[in-house]
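Structure first, then comments.
A quick note: this is a predicted structure, and the numbers were derived from the prediction, not measured.
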Amino acid sequence: MMDERKRRTIGGVGDPVPKKDAPALLSGKPVYVEDIAPRDCLCVKLMHSPHAHAMIEDIDVSRAVKAPGVHCVLTYKDVPSCRFTQAGQTYPEFSPYDRLILDRHLRCVGDPVAIVAAETERQALAAIRLIRVSYSVLPAILDAEQALDHSVLIHPEENWKALVPECGADNRRNLIAAGEDKEGDVEAELEACDIVIDRTYSTQANQQCMMETFRTYSKIDAYGRLEIVSSTQVPFHVRRIVATALDIPKSRVRVVKPRIGGGFGAKQTAVCEVYPAIVTLKTGRAAMIVYTREESMTLSSPRHAMRMHVRLGAMKDGTIRAIDMHTLSNSGAYGEHGPTTVGLSGHKSIPLYTHNMKAFRFAWHTVYTNTMSAGAYRGYGATQGLFAVESAVNELAHELDMDPSVLREKNIVRQGERMPAYYGETADSCAVDRCIARAKEMIGWEQKYPARMMENGHIRGVGMALAMQGSGISGVDTGAVMIRLGDDGMYNMSIGATDMGTGCDTILAQMAAQSLECPVDNITVHGVDTDTSPYDCGSYASSTTYVTGMAVVKTCEELRKKIMRVGAQLLGCTEDDVLFEGDCVQKADGSERIALAKIAEMHMLAGYEDISACVSSGSPVSPPPFMCGCAEVDVDPMTGEVQVVDYAAVVDCGTVINPNLASRQTEGGILQGIGMALYERPSMDHLGRTVSNSFLQYKIPARIDAPSIRVEFEPSYEPSGPFGAKSIGEIVINTPSPAIADAVYHACGVRIRDLPITSEKVLMGERE
Amino acid sequence: MMQIEFILNGRKVSAAIEADDSLYSVLRALGMYSVKCGCETTNCGLCTVHMDGKAVLSCSVPAARCEGHEITTLEGMQEEAARLGACLAGEGAEQCGFCAPGLMMNVFQLARENPHATDAQIDAFLAGNLCRCSGYVSQRRAIRRYLSMMEVQG
């Protein structure tokens with residue numbers, strides 16, 4: 001039976017099938033937002049604040065509105081007064097409602113002062129130069145350490161609103177979130193420990209740098225509704241966000257997502273959608289905004305910069321007894337994802353060391369500053385927290401004179417253990433032990449640890465880090481899938497999850513092919529259009545494979561029953577007497593069968609039921625994937641230059657649905673992580689202006705920076721996941737920073753606790 | 001405004017341009033949507049096209065300089081695109097695909113200039129073609145396969 005099933009399924013679970021959109025993408029077809037926009041779109045441009053903190057005293061647009069080609073110039077006087085958040089999160093959002101489309105109060109350099117729409121880009125830019133603004137400049141808070149209870153308030157407005165007050169937000173204190181989670185008596189346990197590592201680490205506000213910058217076009221459709229086509233990870237959230245910002249009914253808005261040129265979390269925030277939308281509402285014209293790379297670097301949704309204080313208590317034998325961690329997160333001028341990212345810094349780092357843990361405490365603050373608003377970036381706080389906790393574990397190993405891999409093996413969470421610091425969930429699937437063992441073999445840990453001198457005077461060191469993440473947001477994230485039987489016995493699968501290049505259209509089709517025992521080519525995928533796609537919260541929080549994948553499984557179960565019912569009707573028997581055979585339904589005794597294509601044809605006649613199914617799925621748990629990353633770095637002691645020469649990574653993401661695509665996610669995530677560790681340095685001048693505003697200053701890894709990256713999988717089986725799968729998208733960015741930091745320490749004795757690890761820091765460290 | 005004529009993918013076209021228009025913006029206006037823009041500072045390689053058979057960054061070529069020249073975009077190299085595309089798709093190396101057309105145009109140039117390129121030579125030649133999704137290693141494998149395939153075909 002199983003063999004037969006296998007034969008019918010082609011390109012099912014576990015097969016490295018090419019992405020369904022590969023032929024279009026690799027022949028340059030017009031499939032992205034800007035390619036499919038109506039040719040008569042107005043060009044929308046923003047005038048940006050030159051000041052980090054200011055009030056508009058006067059704004060004169062009289063010359064701009066008369067400029068050639070200009071259709072619309074909007075200022076704070078022209079927008080609705082209801083506050084909203086751009087964060088793409090399930091309602092009610094944790095992120096405070098602290099924005100207006102345009103505000104008289106400007107809170108960071110780049111904050112929009114005016115929106116201009118003209119026939120051409122040239123005309124829009126010329127019109128912006130004609131706008132006269134007088135500002136009253138206010139003192140700015142640029143340092144997160146100074147923000148809490150500062151005399152300067154960044155959001156003094158009366159209509160500021162926290163929808164979820166439990167997260168501890170208080171605009172009168174510049175505070176977006178504050179809280180504490182703990183179990184056991186952490187002070188007493190630390191007191192009883194033989195050794196306590198007490199360190200502070202910090203991570204920077206990295207830019208996602210997806211190759212396609214933020215962009216959206218909007219128009220009024222044939223029914224008088226506002227249609228928004230956007231490069232977004234969260235179409236359904238965008239619908240709500242835009243309607244809230246414009247103060248119009250949500251039912252008047254339709255959001256479509258075409259192909260997306262990368263997201264990495266950046267597009268989990270509705271960074272630019274409201275601007276063309278309001279232009280279209282005001283003018284009735286189609287309108288498009290395309291962010292320049294400079295805008296994408298200076299007014300976007302980068303990673304939250306965090307400062308983490310870790311106290312890690314252990315016994316002489318290396319058992320880790322207690323972790324106390326405090327995180328201060330800088331959310332910038334607005335609160336997008338501020339309350340939630342900070343939580344992951346502890347909740348997705350501390351649980352790795354559950355095995356001998358007697359107590360933990362994790363406390364946090366997220367504050368406003370007059371810097372660019374932060375947002376979601378792959379890893380979402382876990383990346384920051386793991387740099388701190390994994391570095392502290394590595395530092396503990398050195399204090400104990402113990403191999404850091406052995407220290408980990410002693411303390412890591414085991415399958416079946418309850419993780420108090422992970423919302424009390426149990427690790428039902430966990431192969432992190434196997435990940436460590438295999439990663440050590442791959443990198444040659446036993447031969448290379450800790451470091452070796454090379455003939456050219458360079459030193460090569462190795463370093464290790466572990467990571468975990470979640471699989472969707474437990475009890476919140478939900479995804480539905482609709483599958484219909486169509487002509488020729490093919491299936492149309494409609495999803496609300498957003499493929500942003502990751503390949504989710506393809507892997508969800510593979511799951512459907514497996515469930516429906518057919519070739520993956522028989523499944524066409526469509527997504528996303530909020531008018532026609534089933535609801536899905538969107539692709540973020542590592543949710544799609546796990547959450548939407550389970551919806552595929554459930555939908556297929558339902559669909560099979562319907563096919564069998566109609567098949568039985570046509571065969572003149574009851575549904576209990578037939579078997580679903582993929583390409584046909586046959587009587588249990590094998591005497592008669594009817595082809596799926598025939599069933600499809602017949603059900604389009606009167607008298608038969610519709611053969612489609614739509615089932616949603618969400619999970620009460622968020623099973624963590626686990627991984628181990630090992631870096632080998634080459635340090636030039638004369639210059640402090642660090643190069644990663646080899647990276648071995650072993651991931652437990654549960655069952656691997658498509659080994660090619662899972663490997664690409666891993667390799668890409670690791671190189672982004674290497675960029676974060678070594679090259680990517682967002683920088684700001686003393687007035688709060690972002691200086692790293694192009695690829696010339698903000699250095700992402702190029703081909704010549706990419707080391708050998710070797711990826712393997714050590715799958716566990718997650719009982720609550722589709723075919724045993726967990727998530728892969730985010731976890732993969734988490735290991736490089738701590739692994740490379742420790743490899744550098746092994747090579748030259750310099751410990752870097754603030755990212756990135758630049759040559760200057762290494763060289764200055766060597767000289768100390 | 002000025003009028004220019006040039007050969008686009010083998011066909012003569014004319015365009016009305018401003019003196020400071022880039023070739024990139026003119027190509028987009030002519031419907032060559034494979035040509036993408038990822039930066040304004042000539043760092044990303046997304047806008048790579050061929051001018052008289054040589055790879056150039058169309059964002060930094062003034063359109064006015066194209067008068068009488070031959071411009072080729074991926075739309076004009078669909079057969080080659082299918083061959084290289086199959087190698088990239090076989091690895092899943094295209095991911096979001098936004099950088100793919102520019103990368104592919106530069107790979108065609110590499111294949112002409114150095115068909116036996118080593119990994120290091122591939123990386124150096126294509127260093128100006130950024131990709132944020134893939135981590136590059138799978139693209140390197142795909143390009144190596146493409147080059148050896150082209151070699152076999154002679």
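- With rounding to the nearest 0.5 angstrom, the OG atom of B:Ser25 is 9.0 Å from the CD atom of A:Glu121.
- If you tally non-hydrogen atom pairs under 4.5 Å between each of B:Gly85, B:Gly135, B:Cys37 and chain A, the highest count goes to B:Gly135.
- Only the side chain of B:Leu103 comes within contact range of chain A, judged by heavy atoms closer than 4.5 Å.
- If you measure heavy-atom distances from B:Glu80 to chain A, you find no contacts under 4.5 Å at all.
- With rounding to the nearest 0.5 angstrom, the CG atom of B:Leu88 is 5.5 Å from the CG atom of A:Leu26.
- When every heavy atom of B:Pro101 is checked against every heavy atom of A:Gly28, the shortest pair comes out as CG-CA, 4.2 Å.
- For A:Thr502, the part sitting under 4.5 Å from any heavy atom of chain B is the backbone (N, CA, C, O) and nothing else.
- Rounding to the nearest 0.5 Å places CG of A:Asp705 at 8.0 Å from OH of B:Tyr136.
- Among all heavy-atom pairs drawn from A:Ala22 and B:Ala89, the shortest one is CB-CB, 3.7 Å.
- Between B:Gly92 and A:Arg664, the shortest heavy-atom distance links the atoms O-CG, 3.2 Å.
- For the residue pair B:Phe98 and A:Tyr32, the shortest heavy atom distance occurs at N-OH, 3.2 Å.
- Atom OH in A:Tyr698 sits 15.5 Å away from atom SG in B:Cys39 (nearest 0.5 Å).
- Interface remark: of the candidates B:Leu84, B:Val35, B:Thr41, B:Thr41 forms the most heavy-atom pairs closer than 4.5 Å to chain A.
- Looking at A:Arg378, neither its backbone nor its side chain comes within 4.5 Å of chain B, counting heavy atoms on both sides.
- Using a 4.5 Å cut-off between heavy atoms, A:Arg39 contacts chain B through its side chain alone, with no backbone atom that close.
- Within the 4.5 angstrom heavy-atom criterion, atoms from both the backbone and the side chain of A:Phe695 approach chain B.
- Your options are A:Leu661, A:Ile709, A:Ile700, and the one with the most heavy-atom pairs under 4.5 Å with chain B is A:Ile700.
- Proximity to chain A (any heavy atom under 4.5 Å) is restricted, for B:Leu46, to the side chain, taken from C-beta onward.
- Listed options A:Val31, A:Leu696, A:Val17 were ranked by heavy-atom pairs under 4.5 angstrom with chain B; first place goes to A:Leu696.
- With a 4.5 Å cut-off on non-hydrogen atoms, A:Pro707 touches chain B through its backbone but not through its side chain.
- Of the atoms belonging to A:Ile260, it is backbone heavy atoms, and not side-chain ones, that fall under 4.5 Å from chain B.
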- Task: For the pair B:Gln95 and A:Leu25, evaluate side-chain contact (heavy atoms from CB on, under 4.5 Å) and give the outcome as yes or no after the intermediate values.
- Result: CA-CA 9 Å; B:Gln95 291 283 291; A:Leu25 302 186; over 6 Å; no
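- In this structure, CD on B:Glu40 lies 9.0 Å from CG on A:Asn693, to the nearest 0.5 angstrom.
- Residues B:Asp119 and A:Arg703 are not paired through a salt bridge, judged by the lack of any N-O separation under 4.0 Å between the basic side chain and the carboxylate.
- Interface remark: of the candidates A:Gly262, A:Ser708, A:Cys209, A:Gly261, A:Cys209 forms the most heavy-atom pairs closer than 4.5 Å to chain B.
- Once rounded to the nearest 0.5 Å, the distance linking SG of B:Cys96 with CG of A:Asp21 reads 10.0 Å.
- The shortest side-chain heavy-atom distance between A:Glu667 and B:Ser138 falls under the 4.5 Å cut-off.
- Here the side chains of A:Met211 and B:Lys36 are not in contact, with every heavy-atom distance at 4.5 Å or above.
- For B:Gln78, the part lying under 4.5 angstrom from a heavy atom of chain A is the side chain only.
- Within a 6.0 Å radius of CD in B:Gln3, more than 12 heavy atoms belonging to other residues, nucleotides or ligands are found.
- With chain B as the partner, the residue from A:Thr213, A:Asp35, A:Asn660 showing the most heavy-atom pairs under 4.5 Å is A:Asp35.
- When the candidates A:Glu34, A:Arg259, A:Lys29 are compared by the number of heavy-atom contacts under 4.5 Å with chain B, A:Glu34 comes out ahead.
- In this structure, the side chains of B:Glu18 and A:Arg122 come closer than 4.5 Å at one or more pairs of heavy atoms.
- Ion pairing of B:Arg132 with A:Glu680 is present here, as a side-chain N (NZ or NE/NH1/NH2) and a carboxylate O approach within less than 4.0 Å.
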